[in-house]
Amino acid sequence: MRHHYWEPPIALYLFLGGLAGGILFISALFNSFVLPGSAEIFALPVLVSLVCVAIGCVFLVVDLGQPGVFWRVWTTAKSIIKWGATFLIIAAVFALLFFLAFIGDAWPIFAGLSGFLKPAADAFLLIAGFFGLCIMMYTGIMLSTLKAHAFWATPALPVLFTISAISTGCAAIVLSIGGWPMTATLEGLLLSEVVLDLLHVVDIVLVVAELIVLLTMVLSFLGAGNVTAKAAARRWVRGSYAGLFWVGMVGLGLVVPLIMYLGGGHSAASQIVAPILVLCGGCLLRFMVVNTDDRAEIPGENRYYNRVAKKDAEFISKWTYGDNEY
């Protein structure tokens, strides 16, 4: 049965939320454990994550229909979206504090505020990174808890979304590291180059892992006993989604960037084209997964939908509120 559970805004919300979480998690990991003291070079990537959170929340409100519905969802204790929104808000607050700690380097008018916040910048980024990890896991768990939808109800989906979020986060950092508001210094440029080299290796591992998990999940559904899951997987492998899956997601989104990473070194292909393709592949993954919301038909459901009046039915189009009394 295919009456879409969620619309495209939710796919964008999941992509942007996962991307923001990946940026914050990787930035915190590098600044706290890999290259301590390198916080300044992550100021622009953290700003990118804040923009992603803001736009993602707009898409969530748009999908829910109105701000009041968003508030009701957020205040409902058992709502999975409530926890995702909470993680996003906490991560955004500490990411903003981290960014403000360095904005004074570019805009002297904020020098006093930056000087006050800078001693705690590492702590701000670490907290934001922790909740970034929570956001990445939430984007997959949100779908996998909906057991009626066969393609979503698998523990592989949170793993796939988390790996993809970290990979897209790496790609976004590669495209933005060391930018404004960082002051251009030799030390900053050297740190940026070191991080780029490390991210190059990390993203190779992540792309390979994502490719393995993705193919394992889809092909296992193709041979599954669940008729609904098998039909959805068949649509991905050799049906209407086959072109998007094999060419768009697997080919351009994973294999081509992997080849560029392995052979590109410091070329534009590995540092610009490959990250952009990874980001596009991650976005396409969310759209395809959200749109693959097949579920088994409830007895009588199809009969009900066939009897429901269409939006363009004559009696609906001619109905005038207040003029019809029964």
Side-chain angles (χ1 to χ4, degrees), residues 8 11-12 14-23 25-26 30 45 48-49 52 136 139-140 151 156-179 192-222 232-292:
L12 288 169
L14 293 176
F15 170 67
L16 293 171
L19 174 59
I23 292 172
F25 174 71
I26 291 293
F30 270 79
V48 172
S49 74
C52 289
M136 290 188 296
T139 57
F151 201 81
L157 189 60
V159 176
L160 177 62
F161 272 25
T162 301
I163 295 173
S164 176
I166 299 175
S167 179
T168 54
C170 284
I173 292 174
V174 168
L175 293 171
S176 58
I177 193 169
S192 297
E193 285 299 317
V194 172
V195 173
L196 284 173
D197 287 339
L198 292 173
L199 288 177
H200 189 87
V201 177
V202 170
D203 217 9
I204 288 174
V205 176
L206 290 170
V207 168
V208 171
E210 184 178 351
L211 187 60
I212 292 172
V213 174
L214 175 63
L215 291 177
T216 301
M217 187 183 86
V218 175
L219 296 179
S220 64
F221 275 136
L222 191 63
R234 189 181 298 116
R235 195 163 63 251
W236 279 45
V237 174
R238 54 176 180 266
S240 57
Y241 288 1
L244 289 174
F245 176 61
W246 291 113
V247 178
M249 194 186 306
V250 175
L252 296 176
L254 293 172
V255 175
V256 172
L258 179 61
I259 294 172
M260 290 180 176
Y261 282 142
L262 291 173
H266 291 275
S267 67
S270 65
Q271 294 194 347
I272 298 177
V273 179
I276 292 174
L277 289 175
V278 168
L279 289 168
C280 293
C283 186
L284 179 60
L285 171 65
R286 271 67 174 190
F287 269 97
M288 289 185 63
V289 170
V290 168
N291 205 48
T292 309

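- Checked against side-chain contact (heavy atoms from CB on, under 4.5 Å), Ala242 has the following partners two or more places apart in sequence or in another chain: Trp246.
- Summarising the geometry of Pro275 relative to Ala171, their closest heavy-atom pair is O-CB, 3.5 Å, with the distance given to 0.1 Å.
- Of the possible donor and acceptor atoms, one in the side chain of Thr162 sits under 3.5 Å from a partner among the backbone N and O of Pro158.
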Please report, to 0.1 Å, the donor-acceptor pairs under 3.5 Å made by any side chain of residues 252-260, with sequence neighbours excluded.
none

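- Taking each heavy atom of Arg286 and Ser164 in turn, the nearest pair found is NH1-OG, 2.6 Å.
- Ile276 is linked by a side-chain contact (heavy atoms from CB on, under 4.5 Å) to Leu175, Ile272, Cys280, counting only residues two or more places apart in sequence or in another chain.
- Between the CZ atom of Phe151 and the CE atom of Met288 there is a distance of 7.5 Å, given to the nearest 0.5 Å.
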Checklist entry - Are Arg235 and Phe245 close enough, and set up right, to give a side-chain contact (heavy atoms from CB on, under 4.5 Å), and what steps lead you there? => result CA-CA 10 Å; Arg235 195 163 63 251; Phe245 176 61; over 6 Å; no
Checklist entry - Could you go step by step and tell me if Leu14 and Val289 meet the side-chain contact (heavy atoms from CB on, under 4.5 Å) rule? => result CA-CA 11 Å; Leu14 293 176; Val289 170; over 6 Å; no
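- In terms of the side-chain contact (heavy atoms from CB on, under 4.5 Å) criterion, residue partners of Cys283 (sequence neighbours excluded) are, by chain and number, Leu12, Phe15, Phe287.
- Residues satisfying the ring pair (Phe, Tyr, Trp, His ring centres under 6.0 Å) criterion with Tyr261, sequence neighbours excluded, are His200.
- Closest heavy-atom contact between Ile23 and Ala172: CD1-CB, 3.6 Å.
- Among residue pairs with one or both ends in residues 275-285, none qualify as side chain to side chain donor-acceptor pair (under 3.5 Å); sequence neighbours excluded.
- Considering Ile26, Ile173, Val174 in turn, Ile173 is the only one that fulfils the side chain to side chain contact (heavy atoms under 4.5 Å, CB included) rule with Pro45.
- In plain terms, the two heavy atoms of Ser192 and Gly178 that are nearest each other are OG-CA, 3.8 Å.
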Item to check | side-chain contact (heavy atoms from CB on, under 4.5 Å) between Val278 and Leu206, intermediate numbers included | outcome: CA-CA 11 Å; Val278 168; Leu206 290 170; over 6 Å; no
Next on the checklist: Assess the residue pair Arg234 and Leu222 against the criterion (side-chain contact (heavy atoms from CB on, under 4.5 Å)); give the C-alpha distance rounded to whole Å, side-chain angles, the decisive distance to 0.1 Å, and a yes or no.
Outcome noted: CA-CA 6 Å; Arg234 189 181 298 116; Leu222 191 63; 4.0 Å; yes
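- Checked against Cys170 for a side chain to side chain contact (heavy atoms under 4.5 Å, CB included), the options Ile204, Val202, Val205 give a single hit: Val202.
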Which donor-acceptor pairs under 3.5 Å do side chains of residues 207-221 form with protein atoms, sequence neighbours excluded?
from: Thr216; atom 1: OG1; to: Ile212; atom 2: O; distance (Å): 2.7
from: Ser220; atom 1: OG; to: Thr216; atom 2: O; distance (Å): 2.9
from: Ser220; atom 1: OG; to: Met217; atom 2: O; distance (Å): 2.8

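- The minimum heavy-atom distance between Gly140 and Leu157, with the atom names listed, is O-CD2, 4.2 Å.
- In terms of the side-chain hydrogen bond (donor to acceptor under 3.5 Å, both in side chains) criterion, Thr168 has no residue partners (sequence neighbours excluded).
- Here the OH atom belonging to Tyr241 is positioned 3.5 Å from the CG atom belonging to Asn291, to the nearest 0.5 angstrom.
- Contact between Ala165 and Gly18 at its shortest, heavy atoms only, is CB-O, 3.3 Å.
- For Leu16, the side-chain contact (heavy atoms from CB on, under 4.5 Å) partners two or more places apart in sequence, or in a different chain, are Cys52, Ile55, Phe59.
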